[in-house]
Amino acid sequence: MDISKIRNFSIIAHIDHGKSTLADRLLEYTGALTAREMQSQFLDKMDLERERGITIKAQTVRLNYTADDGNTYILNLIDTPGHVDFTYEVSRSLAACEGGLLVVDASQGVEAQTLANVYLALDNDLEVFPVLNKIDLPAAEPERVKHEIEEIIGIDAHDAVMASAKEGIGTREILEQIVRKIPAPQGDAAAPLKALLFDSWYDQYQGVIILVRLFEGTLKKGDKIQLMSTNKAYEALKVGVFAPVMVEVPELTAGEVGFVIAGIKDVADAKVGDTVTLLHRQCTEMLGGFKEVKPMVFSGLYPIDTAQYEQLRDALAKLKLNDSSFSFEPETSVALGFGFRCGFLGLLHMEIIQERLEREFGLDLITTAPTVVYRVHRMSGEVYSIQSANQMPELQSTEYLEEPFILAHIHVPNDFVGGVLALCEDKRGVQREIKYLTPTRVMIIYELPLNEIVLDFYDRLKSITKGYASLDYEHLEYRRSDLVRMNVLINGEVVDALSLILHRDKAYFRGRDLVSKMKELISRQMFEVAIQAAIGSKIIARETVKAMRKDVLAKCYGGDITRKRKLLEKQKEGKKRMKNVGNVELPQEAFLAILKVD
Ligand code: GDP
Ligand code: MG
């Protein structure tokens, strides 16, 4: 393999700026896929990803491109997940590259996510060059956006390609710039193997597949390899590339990107960021930047039909096969019965898993409001983590909780600065900085408690800014906070699945709001239902759902039978997401009402 003819690159873009469409275009142009073979958006493999237009698992493809200089190059396109929950994975994919295409929607301009990923790329010493996409749109303002790229990001944009991934404009020029601007990788194929594991997943036929970028050395089929974070050894049973389908190759050498199948049983053993070396000829040290990822947000998942418990457990185990950043363990709730407490990297990750459980596994679930991980400091000096309000102990006066804080970068047009500041203050934020990137674009930097973000921060941010703001965050530290456990009582009984941990200053307001929201959600029953919010034994809010006066069916009395049946069916449909708590029927929405306060 002639290393000087290899180019390893990623596409960096804010969500919806056209990364997947452009990737498809590059595949099509280089003949990796014929137009007929090409299902639209090859790179977004899962249905869910395609529907939501987001990339969850990175995909990697090798393209052959004959450039204007007459040489044929191997271009390895390494796709990255596009959401803030997956920043670590993005950073490892970028570490496998020498260059990045910065795709910016010419009608939108630079967004916070673009910036976050550009900084990640620059941190990894990538050569970054801009592509202005969607120039076919009447609202495209390429000159303004070029200026913005130079001003805000500080990279040269004078010869940025004007592209329309949708219409196939600018594709060849992008490929030429990849060859000209991105440096070839370097590395010694004769040195001991040193390869970055930048993605892994479970394939039901082949077991765990890992993607690697070789920095030094050579990897052949049959080699004994070792993963350096665990010191576990395996045999490389298959070595190959995605072109774009899996093709075995005799060997991979320094500078190349490819896959290895090595009989790894569990994706948890194939950690993103790990270093792969040879068992009997090891490199001296691991590649930098390795991190174990931990779930940050937890929620309870319960089958509506208790008979689906085993099915839910099997489905969770299957999903876990492919996703080691997700965790689950059995949990019992007085209100909801047997279920699982599940851990996720963030809210999007949580939604994706919930949706897959329902769609792919046909489960009907009740999900409880997400919570973050708190730290409890006991008088004995003991410190431990809790992931649900039900684990919160009675605290003595010298005991306290700590909560995780994040550092949020919010990017907004200047018209919305006031609204965003008010929101951040309301969410117990601590202001760090307000930066005017240009006279009209502002970066607001706040320290915020993660627990306020998992409530309704993002939705409110979007509505305050008419959708113009973008948010991106990183974890900061744990801070001591005056946190209390709020319980909700239905007819005097605590509904454990509705308890939550929140800041004392917010408790009264949220308690009042929550019970009034629940009142709307609980339909009338044969008897009166009292809904209360309490901190300890102190009731802070109360609402009552009056008893039902007459049978709903009475409305149909004397009416025709089909109408009656329809009504019954409608009720049944509505019941699908109901759960009996004591003798009161609660709809799923009641368990999430906490999220939609204000
Ligand atoms: P990603 O989130 O960055 O992967 O973005 P996608 O490739 O999924 O594109 C987001 C949306 O923009 C889709 O509806 C695309 O059809 C559309 N899109 C992508 N490129 C272009 C373009 O050049 N012109 C126009 N008009 N639309 C585009
Ligand atoms: Mg995409």
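The figures here come from the full heavy-atom set of this structure, side chains too, leaving out hydrogens, waters and symmetry mates. As the structure is a prediction and not an experimental result, all values here were calculated from the model. Quick note: residue numbers are just sequence positions, from 1. Numbering of ligands and ligand atoms starts at 1, following listing order.
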Any side-chain heavy-atom pair from [X] and [Y] closer than 4.5 angstrom?
X: Thr80; Y: Leu120; result: no
X: Glu474; Y: His409; result: yes
X: Phe9; Y: Leu26; result: yes

Under 3.5 Å, is there a donor-acceptor pair linking the side chains of Glu176 and Tyr65?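 A pair is found: one side chain offers a donor N or O, the other an acceptor, under 3.5 Å apart.
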What are the atoms of ligand 1, with element, lying closer than 4.0 Å to any heavy atom of [X]?
X: His14; value: 3 (O)
X: Lys19; value: 1 (P), 3 (O), 4 (O), 5 (O), 7 (O)
X: Ile15; value: 2 (O)
X: Ser164; value: 22 (C), 23 (O), 24 (N)
X: Ser20; value: 1 (P), 4 (O), 7 (O)
X: Leu137; value: 26 (N)
X: Asn133; value: 20 (N), 21 (C), 23 (O)

Below 3.5 Å, N or O to N or O, backbone or side chain included: is there any such pair between Gly18 and ligand 1? yes
Heavy-atom proximity to atom 17 (C) of ligand 1 ranks first, among Glu167, Lys166, Lys134, for Lys134
Would you indicate which of Asp16, Asp24, Thr21 comes nearest to atom 7 (O) of ligand 1 when only heavy atoms are counted?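 The option holding the nearest heavy atom is Thr21.
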Identify which one of Asp123, Ile153, Val104 satisfies the side-chain contact (heavy atoms from CB on, under 4.5 Å) criterion when paired with Val118.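 Answer to the side-chain contact (heavy atoms from CB on, under 4.5 Å) test with Val118 among Asp123, Ile153, Val104: Ile153.
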Using the rule given for side chain to side chain donor-acceptor pair (under 3.5 Å), can you reason through Thr72 versus Asn64, listing the C-alpha separation, both sets of side-chain angles and the distance that settles it, and then say yes or no? CA-CA 7 Å; Thr72 299; Asn64 291 303; over 6 Å; no
Regarding Glu151 and Arg144, does a basic nitrogen lie under 4.0 Å from an acidic carboxylate oxygen?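 No.
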